[in-house]
Number of protein chains: 2
Amino acid sequence: MAFFRGRYLHSLDAKGRVAIPQRFREVLGGGDEALRLVMTVDPEGCLVVYPEAVWQELEEKWESLPQMNDELKTYLRFMVGWASDGALDRQGRILVPPPLREYAGLEHDVWFVGVLQNFEIWNGDRLEKATGRDRVRSVTQKLSGLF
Amino acid sequence: MAFFRGRYLHSLDAKGRVAIPQRFREVLGGGDEALRLVMTVDPEGCLVVYPEAVWQELEEKWESLPQMNDELKTYLRFMVGWASDGALDRQGRILVPPPLREYAGLEHDVWFVGVLQNFEIWNGDRLEKATGRDRVRSVTQKLSGLF
DNA sequence: CCACATTCCCCCACTTTTCCCCACGAATCA
DNA sequence: TGATTCGTGGGGAAAAGTGGGGGAATGTGG
């Protein structure tokens with residue numbers, strides 16, 4: 001299994017396009033088909049991008065859950081409601097739809113961050129706050145039970 | 001099982017490359033295949049380097065945990081988000097990507113420090129602060145229950 | 001149903017980074 | 001003192017990221 005790893009600084013051009021880091025394209029392209037992906041938002045304030053196959057597994061899981069649950073409905077309104085699917089253009093870029101761009105506060109410089117099964121797209125300042133050393137140290141304490 | 005031990009002063013060249021100490025290469029190359037490794041960051045402010053096999057075990061463990069957990073997500077954003085995998089070039093060097101170089105404050109002189117299963121790469125001043133006698137003395141006290 | 005504006009995607013061109021390869025110098029050992 | 005090993009430096013081809021022009025597609029308003 002190949003995973004998304006690492007962080008890369010890329011730039012969103014005037015047309016709202018960004019190049020996906022080459023390393024991420026390799027992971028996406030397990031078999032070298034179309035490289036389709038689904039992009040949505042994360043409550044932390046960034047965008048999340050899934051390979052289409054991974055996203056579809058999530059959808060099936062959601063489908064199988066009790067649909068009357070209000071919390072689930074709220075969650076789906078968020079995750080699915082923001083979702084945008086697309087493919088890479090021939091230069092390996094994706095187009096970030098204006099609402100998503102605005103949600104994540106993306107200007108010219110954006111960070112790609114790999115987190116195993118998917119990757120995220122961040123505004124630099126927000127990323128720094130979310131992954132600062134202090135924050136990580138305190139989180140590590142709480143996790144120590146898990147592994 | 002061979003372990004990483006000792007400290008070595010090497011230099012990062014203008015292109016961001018450093019030679020891995022020969023003793024470490026021997027440990028990495030249990031069988032003399034590709035010598036692949038994964039480099040990431042540590043909250044203490046240095047870089048950590050794992051043989052690829054060791055790193056993959058970590059990833060598998062993380063994958064098996066509940067993915068909705070916010071603390072885990074923060075942790076992965078940090079550990080995996082900074083990770084960079086690579087191989088040694090024919091001179092036994094690795095390329096330290098600019099974001100990692102900056103994170104760890106690496107300039108020309110860098111220290112390699114072996115810590116059993118993995119090794120670290122340090123800026124000299126930071127290493128001195130992190131391993132000063134006073135600090136180690138106080139830490140040793142707290143450990144006395146463990147062994 | 002037809003103009004018109006807008007969005008999207010292809011192509012091309014430029015710059016920067018990465019990764020080969022070769023070569024030098026210091027240290028070690030015979 | 002020659003030979004080998006190890007760390008260091010640089011040249012150059014290839015790859016990756018960036019930006020812009022223009023045609024096709026889409027959607028909107030008359």
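Proteins come first, then strands; the chains are lettered A, B, ... in the order of their sequence lines, and each starts at number 1.
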Under 3.5 Å donor-acceptor pairs involving side-chain atoms of residues 11-21 of chain B, not counting sequence neighbours:
{"residue": "B/Asp13", "atom": "OD1", "partner": "B/Lys15", "partner atom": "N", "Å": "2.8"}
{"residue": "B/Asp13", "atom": "OD1", "partner": "B/Gly16", "partner atom": "N", "Å": "3.1"}
{"residue": "B/Asp13", "atom": "OD1", "partner": "B/Arg17", "partner atom": "N", "Å": "3.1"}
{"residue": "B/Asp13", "atom": "OD2", "partner": "B/Arg17", "partner atom": "NE", "Å": "2.8"}
{"residue": "B/Asp13", "atom": "OD2", "partner": "B/Arg17", "partner atom": "NH2", "Å": "2.9"}

- Task: Kindly state which residues belonging to residues 111-121 of chain A come within less than 4.0 angstrom of DNA chain C, counting heavy atoms of the residue only, listed by number.
- Result: none
- When the C1' atoms of the five terminal pairs at each end define the local axes, what inter-axis angle does the helix from C/dC1-D/dG30 to C/dA30-D/dT1 show, to 10 degrees? 20°
- Shortest non-hydrogen separation from A/Ser84 to A/Leu100 and the atoms involved: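 Result for this residue pair: CB-CD1, 3.9 Å.
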- Each residue besides B/Val139 in its hydrophobic cluster should be listed here, by chain and number; the cluster joins Ile, Leu, Val, Met, Phe, Trp and Tyr at side-chain heavy-atom distances under 4.5 Å. B/Leu143, B/Leu146, B/Phe147
Just call it for [X]: base, sugar-phosphate, or nothing, with non-hydrogen atoms closer than 4.0 Å on any strand.
{"X": "A/Ile94", "result": "nothing"}
{"X": "B/Asp89", "result": "nothing"}
{"X": "B/Leu9", "result": "nothing"}

Run the side-chain hydrogen bond (donor to acceptor under 3.5 Å, both in side chains) test against [X] and tell me which residues pass, sequence neighbours left out.
{"X": "B/Glu63", "result": "A/Gln117"}
{"X": "A/Trp122", "result": "A/Glu120"}
{"X": "A/Asp125", "result": "none"}

- Ring center gap for B/Phe24 and B/Tyr8 short of 6.0 angstrom: yes
- With sequence neighbours left out, write down each residue that passes salt bridge (Lys or Arg N to Asp or Glu O under 4.0 Å) with B/Asp42, or none if nothing qualifies. none
- Kindly write out the residues that satisfy salt bridge (Lys or Arg N to Asp or Glu O under 4.0 Å) with A/Glu57, not counting sequence neighbours, or none if the list is empty.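 None.
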- Note on the structure: Under a 4.0 Å heavy-atom criterion, DNA chain C is touched by chain B from C/dT18 to C/dC22
[X] has an atom [atom1]; how far is it from atom [atom2] of [N], in whole Å?
{"X": "A/Tyr8", "N": "D/dT18", "atom1": "OH", "atom2": "P", "answer": "13 Å"}
{"X": "B/Arg90", "N": "D/dC6", "atom1": "CZ", "atom2": "P", "answer": "16 Å"}
{"X": "B/Arg23", "N": "D/dC6", "atom1": "CZ", "atom2": "P", "answer": "11 Å"}

- Task: With rounding to the nearest 0.5 Å, note down the distance linking CE in B/Met39 to CD1 in B/Ile94.
- Result: 4.0 Å
- Query: Does a salt bridge link B/Arg135 with B/Glu44, judged by any charged N lying under 4.0 Å from a carboxylate O?
  - Reply: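 Result for this pair is yes, salt bridge flagged.
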- Message: Regarding A/Glu26 and A/Gln22, do their side chains bring together a donor and an acceptor under 3.5 Å, going by distance alone?
- Response: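 Indeed, the side chains of A/Glu26 and A/Gln22 share at least one donor-acceptor pair under 3.5 Å.
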- side chain to side chain donor-acceptor pair (under 3.5 Å) pairs touching residues 91-112 of chain B, sequence neighbours excluded, are B/Asp89-B/Arg93
Distances under 3.5 Å only, N/O to N/O: pair up the protein atoms with those of nucleotides 19-26 of chain D.
{"residue": "D/dG19", "atom": "OP1", "partner": "A/His108", "partner atom": "NE2", "Å": "3.3"}
{"residue": "D/dG19", "atom": "N7", "partner": "A/Arg93", "partner atom": "NH1", "Å": "3.1"}
{"residue": "D/dG20", "atom": "N7", "partner": "A/Arg17", "partner atom": "NH2", "Å": "3.2"}
{"residue": "D/dG20", "atom": "O6", "partner": "A/Arg17", "partner atom": "NH1", "Å": "3.3"}
{"residue": "D/dG20", "atom": "O6", "partner": "A/Arg93", "partner atom": "NH2", "Å": "3.4"}
{"residue": "D/dG21", "atom": "O6", "partner": "A/Lys15", "partner atom": "NZ", "Å": "2.7"}
{"residue": "D/dG22", "atom": "O6", "partner": "A/Lys15", "partner atom": "NZ", "Å": "3.1"}

